[in-house]
Amino acid sequence: MVKSYVLAFSAAVAASFGAATAQDKVELKFELPQPYFGGTPLDYFGENLEKPDYKPRPPFMAPAGTTNVAKGKTVTASGGPEFGKLELLVDGDKGYKKDSLIGLPAGHQWVQIDLGATHELYALLLWHFHEGERVYFDVAVQVSDDPKFEKGVTVVWNNDHDNSAGLGKGDKQEYIESYKGKLIDMGGAKGRYVRLYSKGNTTDETNEYVEAEIYGRPAK
């Protein structure tokens with residue numbers, strides 16, 4: 001009788017914990033820009049290129065209190081920009097026109113967002129370019145509390161499959177840019193700074209960026 005009571009109590013606690021955990025998760029709502037109709041079809045194939053997915057994006061769940069913590073924050077870069085202003089990366093404008101675009105020089109470059117304090121980070125929604133189809137190379141995302149990224153670095157995403165950029169071999173696939181942006185699961189990584197890397201694209205050697213939304217909440 002006692003054993004049955006203990007088992008029943010344990011099951012009730014587990015069910016209650018599971019329900020509380022589920023209730024603590026909320027669906028993140030993303031506002032997408034208008035799609036661009038037109039442009040030259042992508043003439044590129046790579047063994048590491050993922051297949052386009054035209055289905056609606058499934059819901060992305062994150063802890064309650066998660067918001068876009070990047071908007072309006074300070075942005076720095078490894079070089080340039082050659083056109084546009086760095087603050088355009090976090091100004092909320094996700095349009096495809098040139099006045100929404102930042103262009104960094106050729107080569108392996110990065111942009112970095114200072115969130116102002118350490119945060120728990122759950123999702124990144126990133127637009128490099130979506131006026132037509134392009135694939136950007138050696139895309140990687142790192143998080144750290146060190147602004148120089150010399151220590152305490154967490155790699156949350158990397159599609160540099162042959163380590164040509166020297167950041168380590170990535171296990172993610174290349175992808176085709178679209179108005180939906182690239183949604184990256186950051187897995188609760190903690191840090192104040194988020195650094196985004198790329199190394200040119202299928203059209204030219206420039207490293208463009210339109211917008212980066214980082215969804216998180218202050219670290220406890």
Is there a path of hydrophobic side-chain contacts, each under 4.5 Å between heavy atoms of I/L/V/M/F/W/Y residues, joining Trp157 to Phe60? yes
Pairwise side-chain contact, Lys180 with Phe30, heavy-atom cut-off 4.5 Å (strictly under): no
Any heavy-atom pair between the side chains of Trp127 and Ser100 that's under 4.5 Å? no
Whether Asn159 side chain and Asp171 backbone form a donor-acceptor pair below 3.5 Å: no
Do Arg134 and Asp204 touch side chain to side chain, with heavy atoms closer than 4.5 Å? yes
Taking the side chain as C-beta and beyond, is there a heavy-atom pair between Asp146 and Val153 under 4.5 Å? no
Heavy atoms, side chains only, cut-off 4.5 Å: are Phe149 and Tyr193 in contact? yes
Could you go through residues 75-82 and list every donor-acceptor pair under 3.5 Å that involves a side-chain atom there, pairing it with any protein atom two or more places apart or in another chain?
| from | atom 1 | to | atom 2 | distance (Å) |
| --- | --- | --- | --- | --- |
| Ser78 | OG | Gln109 | OE1 | 2.5 |
| Ser78 | OG | Trp110 | N | 2.8 |
| Ser78 | OG | Trp110 | O | 3.4 |

Going by the salt bridge (charged side-chain N to carboxylate O under 4.0 Å, His left out) test, name the single residue among Lys220, Arg217, Arg192 that passes it with Glu120. Arg217
Going by heavy atoms in the side chains, are Thr206 and Phe83 under 4.5 Å from each other? yes
Using a strict threshold of under 4.0 Å (side-chain N to carboxylate O), is an ion pair present between Lys29 and Glu31? no
Are the side chains of Leu167 and Gln142 in touch, meaning some heavy atoms are under 4.5 Å apart? yes
Ignoring hydrogens and geometry, is there a side-chain-to-backbone donor-acceptor pair from Glu177 to Tyr136 under 3.5 Å? no
Ring centers of His108, Tyr197 separated by less than 6.0 Å: yes
Evaluate the side-chain proximity of Leu86 to Ile102: yes if any heavy-atom separation is below 4.5 Å, no if none is. yes
Could you tabulate the donor-acceptor pairs under 3.5 Å formed by side-chain atoms of residues 41-55, not counting sequence neighbours?
| from | atom 1 | to | atom 2 | distance (Å) |
| --- | --- | --- | --- | --- |
| Tyr44 | OH | Glu174 | OE1 | 2.8 |
| Asn48 | ND2 | Lys172 | O | 3.2 |
| Asp53 | OD1 | Lys55 | N | 3.0 |

